[in-house]
**Student:** 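Okay, here's the structure, questions in a sec.
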Amino acid sequence: GNSVTQMEGPVTLSEEAFLTINCTYTATGYPSLFWYVQYPGEGLQLLLKATKADDKGSNKGFEATYRKETTSFHLEKGSVQVSDSAVYFCALITSGGSYIPTFGRGTSLIVHP
Amino acid sequence: EAGVAQSPRYKIIEKRQSVAFWCNPISGHATLYWYQQILGQGPKLLIQFQNNGVVDDSQLPKDRFSAERLKGVDSTLKIQPAKLEDSAVYLCASSFGRQETQYFGPGTRLLVL
């Protein structure tokens with residue numbers, strides 16, 4: 001079956017540090033890839049997405065590149081802020097008729113001033 | 001644009017009781033999802049509707065869980081009878097199409113005692 005593996009959290013950083021959250025996947029078909037974010041007390045919301053190999057999704061200073069050869073979609077940000085503290089979920093939706101969404105466990109990010 | 005609405009926000013019941021959750025998706029969204037999110041884990045898809053038809057319910061415990069989407073709009077998810085392990089947050093999401101961005105509601109937090 002399909003699966004998404006994220007690095008364990010929490011990830012604790014100081015403000016302005018560089019962020020990487022690793023995400024790898026296994027999937028049948030050709031999936032679309034997503035990063036969702038859940039801020040404290042709020043629901044999940046889309047952060048960015050990519051729908052084909054080598055596409056780069058970006059939003060709010062975050063970026064992730066769809067790497068088909070390594071089946072990865074790592075999330076990066078050059079300089080994190082305290083307001084980025086949240087839980088980040090990597091997800092995929094397969095194509096080819098099934099369109100089943102699969103989420104990773106989530107990675108908690110804590111940014112200190 | 002109004003977001004995905006869910007009610008109730010919180011529910012506490014005893015095991016073997018029944019409970020129902022309601023979801024109103026974003027207007028015009030054909031695809032509706034119900035997820036179960038256990039503490040510390042990512043959302044797990046329970047059931048997916050396309051308009052008022054079920055397109056996937058492979059992970060729905062059908063001996064106790066049921067869901068319907070009347071007229072292709074609102075949806076209800078029911079648990080009867082509840083077990084302790086059903087304690088979780090139940091998320092509803094909707095999207096314009098099956099491989100599109102999902103928009104999540106705030107969730108219903110269920111505690112089974």
Side-chain angles (χ1 to χ4, degrees), chain A residues 1-10 21 23-25 27-52 55 57 59 64 66 73 75 86-108, chain B residues 1-10 21-26 29-51 53-60 88-110:
Chain A
N2 303 326
S3 68
V4 175
T5 303
Q6 293 181 232
M7 62 190 290
E8 292 275 340
I21 300 178
C23 171
T24 57
Y25 67 90
T28 55
Y30 200 9
S32 292
L33 301 176
F34 303 81
W35 277 101
Y36 285 85
V37 59
Q38 187 170 29
Y39 297 104
E42 299 184 16
L44 277 82
Q45 57 186 277
L46 179 72
L47 181 59
L48 53 84
K49 68 177 183 181
T51 57
K52 61 183 187 293
D55 266 3
N59 186 25
Y66 190 142
F73 193 53
L75 182 68
V87 181
Y88 293 81
F89 294 90
C90 185
L92 64 84
I93 299 181
T94 53
S95 60
S98 58
Y99 301 108
I100 304 300
T102 303
F103 282 76
R105 297 176 62 91
T107 302
S108 176
Chain B
E1 173 181 89
V4 176
Q6 289 188 249
S7 67
R9 293 295 307 277
Y10 304 93
F21 312 126
W22 173 81
C23 173
N24 184 267
I26 291 172
H29 280 192
T31 312
L32 186 146
Y33 309 82
W34 282 103
Y35 292 91
Q36 181 191 61
Q37 186 177 17
I38 292 172
L39 188 64
Q41 299 183 19
K44 183 183 90 169
L45 181 69
L46 294 175
I47 189 167
Q48 180 183 168
F49 293 92
Q50 183 69 10
N51 296 309
V54 175
V55 294
D56 185 85
D57 62 358
S58 57
Q59 298 189 95
L60 186 74
V89 177
Y90 290 85
L91 299 169
C92 179
S94 69
S95 63
F96 187 74
R98 292 182 65 191
Q99 210 174 12
E100 302 293 326
T101 298
Q102 295 177 64
Y103 294 82
F104 284 82
T108 297
R109 191 174 298 274
L110 174 68

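Note on naming: letters A, B, ... go to the chains in the order of the sequence lines (proteins, then strands), and numbering restarts at 1 for each one.
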**Student:** Is there a donor-acceptor pair closer than 3.5 Å between any side-chain N or O of B:Tyr33 and the backbone N or O of A:Pro101?
**Tutor:** no
**Student:** To the nearest 0.5 angstrom, please state how far the OH atom of B:Tyr103 sits from the CG atom of A:Leu44.
**Tutor:** 13.5 Å
**Student:** Taking the side chain as everything from C-beta on, heavy atoms only, tell me whether B:Gln37 gets closer than 4.5 Å to A:Phe89.
**Tutor:** yes
**Student:** So what's closer than 4.5 Å to chain B heavy atoms on A:Gln38: side chain, backbone, both or neither?
**Tutor:** side chain
**Student:** Tell me, side chain or backbone of B:Glu100 under 4.5 Å from chain A's heavy atoms, or both, or neither?
**Tutor:** both
**Student:** Going from OH on A:Tyr30 to CD on B:Gln99, what distance comes out if it is rounded to the nearest 0.5 angstrom?
**Tutor:** 11.0 Å
**Student:** Say you draw a straight line from OH of A:Tyr36 to OG1 of B:Thr101; how long is it, rounded to the nearest 0.5 Å?
**Tutor:** 5.5 Å
**Student:** For B:Asp57, what residues pass the salt bridge (charged side-chain N to carboxylate O under 4.0 Å, His left out) criterion, not counting sequence neighbours?
**Tutor:** B:Lys62
**Student:** Using a cut-off of under 4.5 Å on heavy-atom pairs, state which of A:Ala91, A:Ser32, A:Gly43, A:Gly106 scores highest against chain B.
**Tutor:** A:Ser32
**Student:** Near B:Tyr10 OH, under 6.0 Å, is it more than 12 heavy atoms from other residues, nucleotides or ligands?
**Tutor:** no
**Student:** Quick check for you: among A:Leu46, A:Val87, A:Thr51, which has the greatest number of heavy-atom pairs under 4.5 Å with chain B?
**Tutor:** A:Leu46
**Student:** Let me check something: any side-chain donor-acceptor pairs from residues 40-51 of chain B under 3.5 Å, sequence neighbours excluded? List them with distances.
**Tutor:**
| residue | atom | partner | partner atom | Å |
| --- | --- | --- | --- | --- |
| B:Gln48 | OE1 | B:Arg98 | NE | 3.3 |
| B:Gln48 | NE2 | A:Tyr99 | O | 3.3 |
| B:Gln50 | OE1 | B:Thr31 | OG1 | 2.6 |

